[in-house]
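Input: a single structure, listed below in structure tokens.
Everything numeric here is computed off the predicted structure, so don't read it as measured data.
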Amino acid sequence: MFNEISSKVSFPGMEEEVIKLWEELGTFKKSLEIRKNSKEFVFYDGPPFATGLPHYGHLLAGTIKDIIPRYQAMRGHYVSRRFGWDCHGLPIEALAQEALGLAGAPAIQEAGVDVFNEQCRSMVTKYVEEWEKTVTRMGRWVDFENDYKTMDTPFMETIWWVFSQLWKQDRIYKAHRIMPYSWKLNTPLSNFEAGRNYQDVQDPAITVRVKLLDFEFENASALIWTTTPWTLPSNLAICAGPDIDYVAIKDKETHQIFVLAQARLSAYYKKEEEYEILKSYKGSELKGLKYEPIFDFFADNENSFQILNDDFVSTEDGTGIVHMAPAYGEDDYRICREVDIPLVDPLDEDCVFTAAVPDYAGQFCKDADKAIIKALKHGGKLIHQSTIQHSYPFCERTDTPLIYRAIDAWYVKVEDLRERMLKNNEGVHWTPDYVGEKRFANWLADAKDWNISRNRFWGSCIPVWVNVDDKDDMICIDSIEKLEELSGQKVEDLHKHFVDEILIEKDGKTYKRTPEVLDCWFESGSMPYAQNHYPFENKEHFEANFPADFIAEGLDQTRGWFYTLMVLSTALFDKPAFKNVVVNGMVLAEDGLKMSKRLKNYPDPTLVINKYGADALRLYMIYSPVVRAESLRLSEDGVKNSLRHLILPWWNAYSFFITYANIDGWTPEQSVPERDNLMDRWIQSSLARLEQQVTDAMDRYDLQAAVRPFVAFIEDLTNWYIRRSRRRFWKTEDDTDKVQAYSTLYEALLGLTKIAAPFTPFISETIYQNLKTDDMPESVHLCDFPTAADAKRDEVLEGQMAMVMSAVEQGRTLRAEYKLKNRQPLAKMHVVCDDEKLLANIQALESLISDELNVRAVEFGTDSSELATIQAKPNFKQLGPKLGPLMKKAVPLINSLTDEQIASISAGETVAVELEGKTIKLTDADIEIVRNPKEGMAVSAEGALVVGLDTQLNDDLISEGLAREFVNKVQNLRKEMDLEITQRIHIAFSSDESIELAVASHRNYIEGETLALSCEKAANGGEKITEIDLNGHACAVSITAAVE
RNA sequence: GGGCGUGUAGCUCAGUUGGUUAGAGCGCAUCCCUGAUAAGGAUGAGGUCACAGGUUCGACUCCUGUCACGCCCA
């Protein structure tokens, strides 16, 4: 006996039960144990920040990360799945700052880095519990016990090793990065921090001339514009936009010659009469022109004082020519670096001018503006002066304006790795392919050196100790052991507040650690090595199992994790870090906007799971283009649909099986291997096709394509196999056919649980648990994935069934058209197909057709001329290339071929037609035959098949129709009365003569169908009389349960 | 501004190497079936395949440009 199924199933409740079962049995662990000696399928999990609750994006990626490993495990691989946590970086620092009430970096330093970092450490695990709960509830199997955290000491030690490998390759270098700097607190801030305190301020806006040297006009000057006069002493270049139009003009009043953007002329001259245009230039033509330094403090600086070109220049304000002080502007720094202009930074840590600029030494930079403007005026270089009001970032703590300036930063040289990375990327299989071939490859081809240092606190430390007296003398530490050896101290924690205290004394010199921490992307990119504490431990195992077979993340990781993995694996091993990657798109709210807590434009994930179940949500997400990097508008209705469309019919099929198997006492032990019935062989073939299609798609990592065939199979199983086979299960005698039917349905349902297990792990498990026998694995997830499909595939039978289904469908359409309800039997139908072989195939399944359409006889024939006319249509694919330009004119000619001509063509002869003086020989392949139903007959035609329905009714047919109607109403009554399916009844009725006659002549049929022991006429009926309508005949019925 | 992608029915999506009637589900309307029942089936209405050019006998499909949206970058 199978367990009875409650008629009121709650899928979410069922899923909770399954989670309990897995916990009791330790199923996940067992699934690993049984594959312990198998080939590994290596999966890397990208670590999320646990600074908030998981959202749909996580659930989606998590589902993909569950399905592939489950599938591969069932395919016989050992798939370890370690969860990872990204513990460092700004998200967690922001939480800690909030908790401690610290406004920014300076406040943290004031409070103590140790206090702050320990606060971070204590908060990292704040959401871990919630994450575990949600991930588990989604049915994802992942190892939380054996997880890795980027803040674990072994993980951090490997980070040092990775860094040291790059160091040895001479790949690490120090340069600058332009950052917002608080001069009051002597510290750089992150861009994020700088963005939080903008204020409106007034600044000077001055236009200055710089004298051009060796220009075609003598005494000509380029005009530049700036709102930071204090940066002018550090001016090293000026920049024009290559595509911007510039003009040399003569000022008619002063007779000076100026060069500026044509589009900016009107900002300087009210009338055109005030100047004379001498010549026009493209910015690119000005490139390379030299000019006289504005101040002479750095006049000897290499490569300086020339006009450069860059696209960032605009003509929205200023003169269209931009002054460049590489130490004080991001664009300035980038553009000057490209042409090897060394930066000069004459400000000390308080942003006060140093002796490098003697004229202003000792003045705070912004305070020097006035003196600088004065000097320019004196030198005749100031052309125009005004003030400008704009929004400018201020330090949060001190409310002083931030200064953008060059800060020491550490870089990894990446640009020389481009080609090797591109080559390694060719070995990666991307889903979808364009993300790898275009998007990622383009990004690699243009990779820039990677800034890996952060002026922050909670992170892996840059393991470089610098000689306090000579900043070029550095030691890179590659392990705890080495640091202990050099420092003579025990080292247990590698966080900043510990290692900054450690000094190294060597050869009489003192070394102190450089203060920066590493970008947390450096840590996630090192995850393949660091999670294994490589090379300090697990050396052989790691080397044998690198790179990973599979990773999966969102499209936004192109420049994130995918990239950092590739940079580090290429630098360290000259390999990609992963062989297959599935890229998912973004999950949007139903309105197409980003999900927003504020707008509340999406349903809470927990509520959705508790309403429809995790299986439904999984299916919904996976059966969508979001698994191919396109975005998904998540809708609750969509989740509901996947439940109604796939899970419910599946459950109903299963429930049908259990109900009747239990009634008949059928058990799997009674299973037989023979299949005499074509329906049985057909559903077997259908299941085999499902196996093949799912396997193909999964091996390509195409999840959406893997789900699609389930829809067709569920359709086949429920709406054809079971629908057409029901009577085989209802038969009272226990004959061979019934046993074969049970065996087939049992196998189909069992097979389906295995194929669906990776996708819908819960319902698969629930059904499997009830179907399995003692000699089978205790969980569906411990089974092998079925792959022996080929043997059971019968494509001929599949095609045959498709024809039958088409005939039935046409019959149904005709019934609808002629308003003949299906309960009304018809005398006969015609099925005509001029291909005898096809016809014979259909004929073999005659009973299916007659049964389904409720016709007493089916007449098969090959001559369709009585039912339909034939017409030829051109086969464009065949004729197009042959006829070329004549094609259009051939169409009417072919459409009007006579029946005789068509007949001889299809008999294999060639028919010649004349077209514009040319003779065209038409063969069988050149035309397609279309059959058009004749007017006034109940005929339908589809492809080679013509179906006709005899719509004539006689008394006999009408009487049987009434009997069927009677049965239907009684069955509905049974259902209303909540009778057991097997409950016997007595029927009493009273009605007119035609009903009495119909009941009398179909008594056996009625009693058999309704399980009635008697069906008698009663003067006033019995108790509980129900009035029913039988095709217009009033009837009073009452049914009573029989006492056994 | 650049790279990549997307744009097909009211909504969510299919659409094979270009081939002439562009499909499915949901929703809507009408009907049918029902002891698998939180069901199921059929029919119908609903499309200038984002727009504009081009290539071709033939374009949803290939090419060019434009627009809108998304991701990443600047």
Can you confirm whether K282(A) is buried at NZ, in the sense that more than 12 heavy atoms of other residues, nucleotides or ligands lie under 6.0 Å from that atom?
yes
With rounding to whole Å, what would you report as the distance between C72(B) and G25(B) at their P atoms?
36 Å
Provide the distance between the two P atoms, one in G58(B) and one in G18(B), to the nearest whole Å.
15 Å
Which one of Y742(A), F657(A), Y721(A) satisfies the ring-ring contact (aromatic ring centres under 6.0 Å, His included) criterion with F729(A)?
Y742(A)
Taking donor-acceptor contacts at under 3.5 Å, does the side chain of R439(A) reach the base of C71(B)?
yes
Under-3.5 Å donor-acceptor pair between K877(A) side chain and U17(B) base:
yes
Does [N] pair with anything, Watson-Crick or G-U wobble, both distances under 3.5 Å, and if so, with which nucleotide?
N      : result
C51(B) : G65(B)
G18(B) : none
A9(B)  : none
G1(B)  : C73(B)

Looking for any heavy atom pair under 4.0 Å, which part of the strands does [X] touch: base, sugar-phosphate only, or nothing?
X       : answer
Y563(A) : nothing
G880(A) : base
P432(A) : nothing
F312(A) : nothing
W651(A) : nothing

Below the 4.0 Å mark, does [N] have OP1 or OP2 next to a side-chain nitrogen or oxygen of [X]?
X       : N      : value
R644(A) : G27(B) : yes
R723(A) : G41(B) : no
N652(A) : A39(B) : no
R628(A) : A14(B) : yes

Rounded to whole Å, how long is the line connecting atom CD of Q704(A) with atom C1' of U6(B)?
14 Å
Can you check the Y623(A) OH to G25(B) C1' distance for me, whole Å?
8 Å
Result of checking Q824(A), R823(A), R964(A) against N854(A) for side chain to side chain donor-acceptor pair (under 3.5 Å)
R964(A)
Any ion pair linking R689(A) and D716(A) (charged N to carboxylate O, less than 4.0 Å)?
yes
Fit a plane to each ring of W430(A) and F562(A), take the angle between them on a 0 to 90° scale, and name the class: parallel (under 30°), tilted (30 to 60°) or perpendicular (over 60°).
perpendicular
